[in-house]
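Structure first, then comments.
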Amino acid sequence: MTERFTGSFTQQEPIPEAGIDAAMAVLRHGRLHRYNTVAGEVAETALLEEEFAGYVGARYCLALASGGAAMACALRALQVQPGEPVLSNAFTLAPVPGAIASIGARPVFVEVTEDLTIDLAHLEVQARASGAKVLLLSHMRGHVCDMEALMGLCDRLGLRVIEDCAHTMGAKWRGLPSGRHGAIGCYSTQTYKHMNSGEGGFLVTDDAELAARAVLLSGSYMLYARHRAAPGPEVFEALKLEVPNVSSRMDNLRAAILRPQIALLEDRRARWRVLYRGMEAGLAGAPGVRLIPRPQHEDYVGSSFQFLLPGWEPARVARFVAGAAARGVELKWFGAADPQGFTSRYAHWRYARPEVLPQTDRVLAGLIDMRLPLTFSEDDVAQIARILCEEVASAARAEQLEPVAAPAAD
Ligand SMILES: *Cc1c(COP(=O)(O)O)cnc(C)c1O
């Protein structure tokens with residue numbers, strides 16, 4: 001009998017009871033706005049920022065309405081101007097180029113390697129060709145590039161780096177938390193990320209002027225002194241009439257939900273690692289499948305799993321994805337002609353200048369992606385891997401029985 005997986009790839013864990021209690025307290029007193037405090041009260045949002053700054057070892061932290069808002073705020077804090085080129089990964093998710101476009105700047109895409117990290121040689125080519133001064137580096141799906149090599153190159157090229165850590169909250173490179181290598185680190189607390197407040201985000205930096213600009217940009221009115229993980233008033237004095245208010249604050253309700261989750265990040269990382277390793281072991285040796293090697297210095301959070309089907313005809317990949325779906329295994333294929341759900345790729349972002357990136361096209365044509373929510377057990381992961389191995393074999397058999405016609409060019 002063919003087995004079928006019946007779990008949900010989109011079901012996250014519940015909010016911890018401490019977060020529910022804290023949220024109820026905020027609802028009961030009604031002061032949801034971060035600057036709505038009574039005498040002597042410190043807002044949940046200000047406490048959250050202080051605690052998250054402590055967690056990643058940053059001097060300053062600002063909580064925002066979303067990860068996308070954090071990236072746009074970071075670009076504005078760096079004073080990127082309309083029309084200015086901003087480098088980013090060709091393999092990332094839509095909010096990344098979207099943040100660049102939201103300030104009227106121009107995304108310039110850099111090729112991805114077979115290990116799903118940014119191609120440093122192409123980064124240098126694109127930096128020189130475009131004259132860009134900023135790289136919005138996306139640690140897409142949690143794959144971290146060689147950060148010493150990247151920062152060395154960016155320093156040589158005069159590039160400031162913003163890290164998009166939507167998939168690397170809790171991850172490290174050579175012991176340094178993701179988001180602490182560049183000038184600014186951005187995180188998301190959207191439901192599918194490593195902490196869940198529905199929507200939300202953070203920005204961290206050690207640079208006092210960038211931090212003050214970010215706080216003012218987020219919409220602090222003249223109440224910035226109520227922040228705790230922010231620079232002193234003297235830094236704001238010089239900027240407060242110059243920086244526009246682009247309202248994108250976090251509120252105390254979400255902050256209350258998030259605060260108890262910081263302490264859970266280490267345990268979540270360990271549990272994700274077990275699921276990730278289980279999937280890796282289950283798929284090892286499957287013919288036609290290339291697993292993504294994880295560098296020794298990368299301390300990753302395995303909240304999702306990727307593999308490549310190098311050189312597979314699109315029709316064969318489509319048959320594999322459909323076969324897995326029929327057995328309850330939801331895969332995302334970044335090579336499909338049209339984006340589905342979250343799988344849009346650089347050529348779909350038509351507001352950006354068209355670019356030809358053959359290496360990225362080749363990698364994404366065979367890139368399969370799946371979530372590994374913490375509601376999965378080790379048995380679930382083993383079952384999913386068994387189903388995938390059978391479907392890989394069956395896609396290969398079908399190929400021999402009825403070779404597919406060459407796909408129409410699109
Ligand atoms: C989720 C995500 C973001 C930020 O998303 P928001 O939904 O705005 O919080 C940024 N980059 C990547 C790669 C993401 O997946």
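All residue numbers refer to positions in the sequence shown, counting from 1. For ligands, and for the atoms within them, numbers begin at 1 and follow the listed sequence.
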Using distance alone, determine whether Gly67 and ligand 1 share an N or O pair under 3.5 Å.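 The answer is yes, given that Gly67 and ligand 1 share an N or O pair closer than 3.5 Å.
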Ligand 1 to Glu199 polar contact by distance, N or O atoms, under 3.5 Å: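 Min N/O separation from ligand 1 is not below 3.5 Å for Glu199.
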Taking all non-hydrogen atoms of both residues into account, name the closest pair between Phe109 and Ala352 and its distance. CE1-CB, 3.8 Å
Closest non-hydrogen atom pair, Arg273 against Asp299: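 Nearest heavy atoms, Arg273 then Asp299: NH2-OD1, 2.8 Å.
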Report yes or no: does a heavy atom of Gly201 sit under 4.0 Å from some atom of ligand 1?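 It does not; every heavy atom stays at 4.0 Å or beyond.
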Does ligand 1 have any atom sitting under 4.0 Å from a heavy atom of Met71?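 Met71: in contact with ligand 1 (<4.0 Å).
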Residue, atom name and distance, where the atom is the protein heavy atom closest to [atom]:
atom	result
atom 7 (O) of ligand 1	Gln190 NE2, 2.9 Å
atom 14 (C) of ligand 1	Lys193 NZ, 3.1 Å
atom 8 (O) of ligand 1	Gly68 N, 2.8 Å
atom 15 (O) of ligand 1	His167 NE2, 2.6 Å

Can you confirm if the aromatic rings of Phe9 and Phe376 lie within a centre distance of less than 6.0 Å? yes
Would you please indicate yes or no on a ring centroid separation below 6.0 angstrom for Tyr221 and Tyr35? no
Would you call the rings of Tyr192 and Phe342 parallel, tilted or perpendicular, taking 30° and 60° as the class edges?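 Geometry flag for Phe342 against Tyr192: perpendicular rings.
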Geometric class of the Phe202/Tyr187 ring pair [parallel <30°, tilted 30-60°, perpendicular >60°]: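 Ring orientation of Tyr187 relative to Phe202: perpendicular.
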Where ligand 1 meets Ala166 - atom numbers and elements under 4.0 angstrom, heavy-atom basis: 2 (C), 3 (C), 10 (C), 11 (N), 12 (C), 14 (C)
Atoms of ligand 1 less than 4.0 Å from Val96 heavy atoms? 11 (N)
Does the side chain of His297 pick up a donor-acceptor pair with the side chain of Glu148 at under 3.5 Å? no
Contact partition for Thr189 relative to ligand 1, non-hydrogen atoms under 4.0 Å: neither
Proximal candidate to atom 12 (C) of ligand 1 [heavy atom criterion; set Thr92, Thr191, Asp164, Asn89]: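 The residue whose heavy atom sits nearest atom 12 (C) of ligand 1 is Asp164.
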Which residue is it: Arg228, Arg226, Arg259? I am looking for the one with a salt bridge (Lys or Arg N to Asp or Glu O under 4.0 Å) to Glu50. Arg228
